[in-house]
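To start, the structure itself, in structure tokens.
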Number of protein chains: 2
Amino acid sequence: MNIGDVAQRSGLPAKTIRYYEEIGLIRPQRGENGYRRFREQDLHKLAFLGRARALGFTIEDCRTLIALYEDESRESGQVKRVAEEHLQQIDDKIAQLQSMRATLAELVSCCAGDDRPDCPILEDLAHHGADGATEGKGRAL
Amino acid sequence: MNIGDVAQRSGLPAKTIRYYEEIGLIRPQRGENGYRRFREQDLHKLAFLGRARALGFTIEDCRTLIALYEDESRESGQVKRVAEEHLQQIDDKIAQLQSMRATLAELVSCCAGDDRPDCPILEDLAHHGADGATEGKGRAL
DNA sequence: CTTGACCTTCCAGTGACTGGAGGCCCCACA
DNA sequence: TGTGGGGCCTCCAGTCACTGGAAGGTCAAG
């Protein structure tokens, strides 16, 4: 298979597949013309990666998960630990977003949203006492 | 005030303040020694930025919000629109994370997490039918 | 006069891609 | 046999919002 075929079958953009090769997640063979040649097992791995990424695992997590997947002597506890840590991070992120959401929704509901300049949203941003929504800053929306 | 003072008073790292100047969010004056000299109004603006960022507004949103804040003839509807769009994005993100969370929690609960290799988490990643958690990919955790 | 804290600029790296330029390669059709 | 168009290649730059570090100037205290 050429890259276009695996892209279509895996649902991943060709660019992303090349990137995954670059960082060593996959090692497709090469034809005489220099084109990447993918086998079924490469496709399988890409599908695995696509699903792990869709669950929000980082690339490094994916590396670990693939290594565990290929390691017949793995212990399921190792996998579970990775997943649990990730789950915890998701929970933290959700909590942070919900805190932001609450503050923001409150402000929005207080704003008339008409043609007059008075705006409680700006008032709050300009004069609010100390911290914003949560202590942890609002990175990575 | 020097940058260290405003950093302390605003809670933003000095690096970040320099960055905000670089991208034109603030324009502190300069002393003869080349040091940035901040006035109260600069500090005020930085505090505004810190709070807007803590609510998850992008830098571009912040630029807009500050412009509106300084525009006496603004209409609060403009501000509200920015905030509502942002709120919508937060809601989308929360929904996406909750979908991931649900899938992941289910998988984790099915995994024994012991010293045997059998692992439903890996099974799912390897053989799950089509999409991952949600259709939208899991970027930006 | 030295020490050490503070300030400056500039450059590089983060994560996970994404876009685009410039250039082969391959196949079908005239 | 030429040509056109699509697919493939590599390499470079950009994204977002910082963050770290190196190399060097400045300032106040002792």
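The structure displayed is predicted, hence computed values, not measured ones. Naming convention: chains lettered A, B, ... in sequence-line order (proteins, then strands); numbering from 1 in each chain.
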In whole angstrom, what separates B/Met1's CE from C/dC7's C1'? 16 Å

For B/Ile23 and D/dC16, give me the distance from atom CD1 to atom P, rounded to whole Å. 11 Å

Which residue pairs satisfy the ring-ring contact (aromatic ring centres under 6.0 Å, His included) criterion with at least one member in residues 25-54 of chain A, sequence neighbours excluded? A/His44-B/His127, A/Phe48-A/Tyr69

Is the shortest side-chain N to carboxylate O distance from A/Lys45 to A/Asp42 below 4.0 Å? no

Both A/Ile59 and B/Phe38 contact DNA chain C. Which one's nearest nucleotide lies toward the 5' end? B/Phe38

Salt bridge (Lys or Arg N to Asp or Glu O under 4.0 Å) evaluation trace for B/Arg81 with B/Glu75: CA-CA 10 Å; B/Arg81 199 155 43 247; B/Glu75 301 174 9; over 6 Å; no

Write down the distance between CZ (B/Arg18) and C1' (D/dA17), rounded to a whole number of angstrom. 16 Å

Heavy atoms under 4.0 Å, any strand shown: does A/Arg36 hit a base, just sugar-phosphate, or nothing? sugar-phosphate

Do the side-chain N or O atoms of B/Thr58 get closer than 4.0 angstrom to the phosphate oxygens (OP1, OP2) of D/dC16? no

CD1 of B/Ile17 versus P of D/dG20: gap in Å, rounded? 15 Å

A/Glu60 has an atom CD; how far is it from atom P of C/dT14, in whole Å? 11 Å

Look at the side-chain N and O atoms of A/Arg53 and state whether any lies under 4.0 Å from the OP1 or OP2 oxygen of C/dC17. yes

With the side chain defined as heavy atoms from C-beta on, B/Arg30 is closest, among C/dT8, D/dC18, C/dA16, to C/dT8

Rounded to the Å, how far apart are B/Gln89 CD and D/dC16 P? 12 Å

Donor-acceptor contact below 3.5 Å, side chain A/Arg74 vs main chain A/Leu68: yes

Flag, side chain of B/Arg51 to backbone of A/Leu125, donor-acceptor distance under 3.5 Å: yes

Spacing of A/Leu25 atom CG relative to C/dA16 atom C1', expressed in whole Å: 11 Å

For the side chain of B/Lys15, counting heavy atoms from C-beta on, which of D/dT10, C/dA16, D/dG20 is nearest? D/dG20

Which nucleotide wins on minimum distance to the side chain of B/Tyr35, given the candidates C/dC7, D/dT10, D/dA17? C/dC7

Using atom CG of B/Leu12 as one end and atom C1' of D/dT19 as the other, report the distance to the nearest whole Å. 14 Å

Kindly indicate whether the side chain of A/Tyr19 and the base of C/dG15 share any N or O donor-acceptor pair separated by less than 3.5 Å? no

Between C/dA16, C/dC25, D/dC18, which one does the side chain of A/Asn33 approach most closely? C/dC25

Does D/dC18 have its OP1 or OP2 closer than 4.0 Å to a side-chain nitrogen or oxygen of B/Tyr20? yes

Using a heavy-atom cut-off of 4.0 Å across all strands, would you classify A/Arg37 as base, sugar-phosphate, or nothing? nothing

